[in-house]
Amino acid sequence: MDALHISNSLTRQKEKFEPINPPFVGMYVCGPTVYSNVHLGNVRTFLTFDIVYRYLQHLGFKVRYVRNITDVGHLTGDTDDGEDKIGKKARLENLEPMEVVQRYTNDFHDVMNVFNILRPSIEPTATGHIVEQIESIKKIIDNGYAYEVNGSVYFSVRKFSDDHPYGELSGRKIDELMNNTRDLDGQSEKRDPLDFALWKAADSSHLMQWPSPWGMGFPGWHLECSVMSTKYLGETFDIHGGGMDLKFPHHECEIAQNVGANGVERPVRYWMHGNMLTVNGRKMAKSEGNGFTPEELITGNHKLLDKGYTPMTVRFFMLMGHYASTLDFSNEALQAAEKGLAKLEKAVDTLNRLAPTSGEGNFDANAFGEKCHAAMNDDFNTPILIATLFEGVKAINGAAAGLVALTAQDIATLQATFQAFMRDVLGLQAESTSNAGGGDESETGALLDLIVDMRTTAKANKDWGTADKIRDVLSAHGITIQDGKDGSSWSRG
RNA sequence: GGUCCGAUGGCCGAGUGGCUAGGCUCAGCUCUGCAAAAGCUGCUACAGCGGUUCGAAUCCGCUUCGGACCUCCA
C-alpha cells in the first residue's frame, strides 16, 4: 500500500488515513488506572500505540499524543456505595490516596521505559481536570441528556439515543442491552439501568472527593477521557486508541458524552483497539491470576516462566503478532522470539562490517525499503515488516558468505532502512550484553582483538586445547568467536 | 442467555479468491581441527461437512471447539 490505511473499529473498515489538519495528528489513548502494578497485557496495548505514534512520526506527521493517567479510583463493585479502588488500596496500605497514585504512576513509567515505549506529548490526570469535568456535566445537563439524583448525575442513554446513535462503536442495540442488563445489587438511583454515572455523590468516608454544584463527590470513569481528549485535541480529532476491553462500555460512553456535551456527531475519526494478550487461550488479567509483571518476566521468577527474557525479546515477541489479533503467551514463543531477534541483531552487526562489491549489485535495496513501508502502511502490520526485515537479513548474510553482491549504495540503503524500521519504528534497541562498567568499549575491543589473535596463533600450531579454552572462557562472558576462512572474529551476544 | 470474534504445518504467527509469508524447532548437506555462525535442501498446513466458482485457507451455510464483551479491566 502506498498510503497508510487503518482498520477503523467504528466503521469496521480498513480506511485510508487522512488527518483533519495535516501535518498535525491528534491521538488519544486510554492509559492505566494507577492502583496496582501494570502487567504484561497492559504493556501490549501501550506498545501497540507506541508503534502507531512512532510510525506516524516516521511518516512526517506532527503528532500530539495524549495518554491519560486515571488517578480517581472509581468503584470496585456495581453498587452505588462501593468503595473506590485507590481509596481501598490506600486504606489497606495505610497511605494517602495520592501516595498510591504516585507509587503506581512511577511503576508505570518505569515499565514504559524498560520496554522503550515513548512518552506521550501530554499525560493528563483525571484529578487535574475536575473543573473541566464539572463544566462538561453542566453542558450535558443543559442539553437534556443528564439528570441529577441525590447529589449524583447520570447520563440518560435513552434520551440520548432518541436524538443520536448509541452503540455504533460496539455494535450494541438499546433493546438488546435492556434485556441483558444484569440486576444490580442494591438499588440504583438510575432511572434506567442503561444510564451511567457522570458524577457520584460521596459520603464522608470516601477518601477522594471534590465539591461540585451537586455536592461533594467524584467524577464517573468515562468522563475524564471525554474531557481531556476534547481539551487537548479538540471536539473532533484523528485517532482514539485503547484496549479491546474498553470498547464497551467505556468508549461507547465517551462518544455519547462528547456528542451530548458538544453536539459534534463524530468526535473521533479513527477508533483503534488493541487485542488482548492471552495465556493458555485466556485473557491475561489480574482477576484470572494469570498475569505477571514485567519484572517477573525479566527475572523469570514466575511459575509460568521457564526462564527470564529481556525487554527487547518481549517487545519483539509482541510485534511478531498483529495488534488486532489475540496473542498467546508461551515460553516456546518467547524463545523463538529471543533467537529471531538475536539473528536480526547479528545481521545488523554484520551489515556494518560488510565490504561492498566492486561490481554490480544483485539485491534491490530500494525495493526492500519500499516493502517495509508497504507493510506498515497496511494497518501497522508489524509481522509482515519483521518478515520483510528477515529478507534483508538473508541478503546481508548472503553477502557475507559471498553469495550476494551489495554495492556501497546498497549497504547504505540497507543501513538506513534497518535504522528506520527496526530501531525507530519498531523501537528495537540494541541490548548490551557486555558486563557494563568494565572500561570503555575501544579498550575492551583491543584486548579482545589481542586474545583472538593469540588464539589464531594457537590454532596455527594445532594447539587445540588452548584455542578451545579461549573460546570457552570468552563464551562464558558472552563473547562469541566465529572462525571463518579469513581468520577469526568476535562478537557480543 | 444476548452480541461479536477466532480455529492455519511440531510451536508461534501473517495472509483473505489463483502466485514462497516469516521466525523457532527437527533432519540432511556445505564450510570447519572440532564446534558455533552462515549458506543450501527437506518436512509444507489451512477444524469438520456441504455449497458458490474454471479455481477457496480465503466467499456462503451448517456443525464442533475456543475466546472476548454484556460488571472494573489494556
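Each chain gets a letter, A, B and so on, in the order the sequences are listed, and its residues count up from 1. Small disclaimer: the values here were computed from a predicted structure and weren't measured.
Checking B:G50 for Watson-Crick or G-U wobble geometry (two distances, each under 3.5 Å) identifies B:C60 as its partner. Base pairing annotation: B:A27 forms a Watson-Crick or G-U wobble pair with B:U41, both donor-acceptor distances under 3.5 Å. Across all strands shown, B:A68 is found opposite B:U3 as a Watson-Crick or G-U wobble partner, with both distances under 3.5 Å. Pairing for B:G22 goes to B:C12, judged as Watson-Crick or G-U wobble with the two contacts each under 3.5 Å.
To the nearest whole angstrom, the two C1' atoms, one in B:G48 and one in B:G66, are 15 Å apart. Nucleotides B:A27 and B:C69, compared at atom C1', are 46 Å apart to the nearest Å. For the C1' atoms, the distance from B:A47 to B:A7 is 6 Å, rounded to whole Å. Going from the C1' atom of B:U16 to that of B:A56 covers 10 Å, rounded to whole Å. Between B:A57 and B:A21, the distance separating the two C1' atoms is 13 Å to the nearest Å. On the P atoms, B:C54 is 42 Å away from B:A68, given to the nearest whole Å. Spacing between B:U41 and B:G50 at atom C1', rounded to whole Å, works out to 40 Å. Separation of the C1' atoms belonging to B:C60 and B:G42 is 38 Å when rounded to the nearest angstrom.
Distance CG (A:D463) to P (B:C34): 17 Å, rounded to an integer number of Å. As rounded to whole Å, 11 Å separates atom P of B:U16 from atom NE2 of A:H322. Between the C1' atom of B:U3 and the CD atom of A:E168 lies a distance of 16 Å, rounded to the nearest Å. A straight line from CD of A:Q13 to C1' of B:U16 spans 15 Å, rounded to a whole angstrom. Spacing between atom CG of A:D349 and atom P of B:A38 amounts to 12 Å, rounded to whole angstrom units. Rounded to whole angstrom, the span from the CG atom of A:N461 across to the C1' atom of B:G33 amounts to 13 Å. When the P atom of B:C4 is taken as reference, atom CD of A:E252 falls 14 Å away, rounded to whole Å. A straight line from CD1 of A:I479 to C1' of B:A37 spans 15 Å, rounded to a whole angstrom.
RNA chain B is contacted by A:H39, A:G41, A:N42, A:T45 of residues 36-51 of chain A, taking any non-hydrogen atom closer than 4.0 Å. The stretch residues 120-127 of chain A has no heavy atom under 4.0 Å from RNA chain B, so no residue of it qualifies as close.
Where A:L403 and A:S325 meet RNA chain B, the nucleotide closest to each residue was compared, and A:S325 sits on the side nearer the 5' end. Sequence order on RNA chain B of the closest nucleotides to A:R471 and A:R12 puts A:R12 first from the 5' end.
For A:H373 and A:F421, the ring centers are positioned less than 6.0 Å apart. The six-membered or imidazole ring of A:F160 lies near that of A:F155, with a centre-to-centre distance under 6.0 Å.
Both the sub-6.0 Å distance and the 45° axial angle are satisfied by A:K286 relative to the ring of A:Y35.
A salt bridge does not link A:D195 with A:R191: none of the charged nitrogens is closer than 4.0 Å to a carboxylate oxygen. Between A:D483 and A:R455, at least one side-chain nitrogen of the basic residue sits less than 4.0 Å from a carboxylate oxygen of the acidic one, meeting the salt-bridge criterion.
Contacts classified as side-chain hydrogen bond (donor to acceptor under 3.5 Å, both in side chains) and involving residues 385-403 of chain A (residues at least two apart or in different chains) are given here: A:K371-A:E391. The ring pair (Phe, Tyr, Trp, His ring centres under 6.0 Å) analysis of residues 327-352 of chain A, with sequence neighbours excluded, yields the pairs A:F292-A:F329. Pairs passing the salt bridge (charged side-chain N to carboxylate O under 4.0 Å, His left out) check and including a residue from residues 100-115 of chain A, sequence neighbours excluded, read A:E93-A:R103. Every pair passing side-chain hydrogen bond (donor to acceptor under 3.5 Å, both in side chains) that includes a residue from residues 336-346 of chain A is listed here, sequence neighbours excluded: A:K307-A:E338, A:E345-A:R423. Applying the salt bridge (charged side-chain N to carboxylate O under 4.0 Å, His left out) test to residues at least two apart or on different chains, the pairs with a partner in residues 239-252 of chain A are A:D245-A:K283.
Across all strands shown, A:L277 has heavy atoms under 4.0 Å from base atoms, whether or not it also approaches the sugar-phosphate. Across all strands shown, A:K247 has no heavy atoms under 4.0 Å from either base or sugar-phosphate atoms.
Side chains of A:H273 and A:S9: a donor-acceptor N/O pair is present below 3.5 angstrom, by distance only. Judged by distance alone, the side chains of A:N258 and A:E254 never bring a donor and an acceptor atom under 3.5 Å apart.
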Once base and sugar-phosphate atoms are separated, protein heavy atoms under 4.0 Å mark nucleotides 17-24 of chain B, 5' to 3', with B, S and - as ----BSBS
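Remark: of the listed residues A:Y65, A:F108, A:Y53, A:F115, A:F108 is the sole one forming a ring-ring contact (aromatic ring centres under 6.0 Å, His included) with A:F46. Between A:Y323 and the choices A:N381, A:T382, A:N275, A:D379, the side chain to side chain donor-acceptor pair (under 3.5 Å) rule is met once, by A:D379.
Checking B:C70, B:G13, B:A36 against the side-chain heavy atoms of A:R172 singles out B:C70 as nearest.
In this model, a side-chain donor or acceptor of A:D483 finds a partner on the base of B:C34 within 3.5 Å. Looking at A:D468, its side chain comes within 3.5 Å of the base of B:G33 through a donor and an acceptor atom.
Under the side chain to side chain donor-acceptor pair (under 3.5 Å) criterion, A:D472 pairs with no residue at all, not counting sequence neighbours. For the side chain to side chain donor-acceptor pair (under 3.5 Å) test, residues two or more places apart in sequence or in another chain that qualify with A:D50 are A:R54, A:R315.
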Is there any protein nitrogen or oxygen under 3.5 Å from a nitrogen or oxygen in nucleotides 58-61 of chain B, and what are the pairs?
none

Enumerate all atom pairs, one protein N or O and one N or O from nucleotides 65-68 of chain B, separated by less than 3.5 Å.
from: B:G67; atom 1: OP1; to: A:R282; atom 2: NE; distance (Å): 3.4
from: B:G67; atom 1: OP1; to: A:R282; atom 2: NH2; distance (Å): 2.5

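Between the OG1 atom of A:T48 and the CE atom of A:M272 there is a distance of 8.0 Å, given to the nearest 0.5 Å.
In this structure, A:W271 and A:H251 have tilted ring planes: the angle between them lies in the 30° to 60° band. Under the 30°/60° scheme for interplanar angles, the aromatic rings of A:Y28 and A:H240 are found to be tilted.
Proximity of A:N381 to the phosphate of B:G15: a side-chain N or O atom is located under 4.0 Å from OP1 or OP2.
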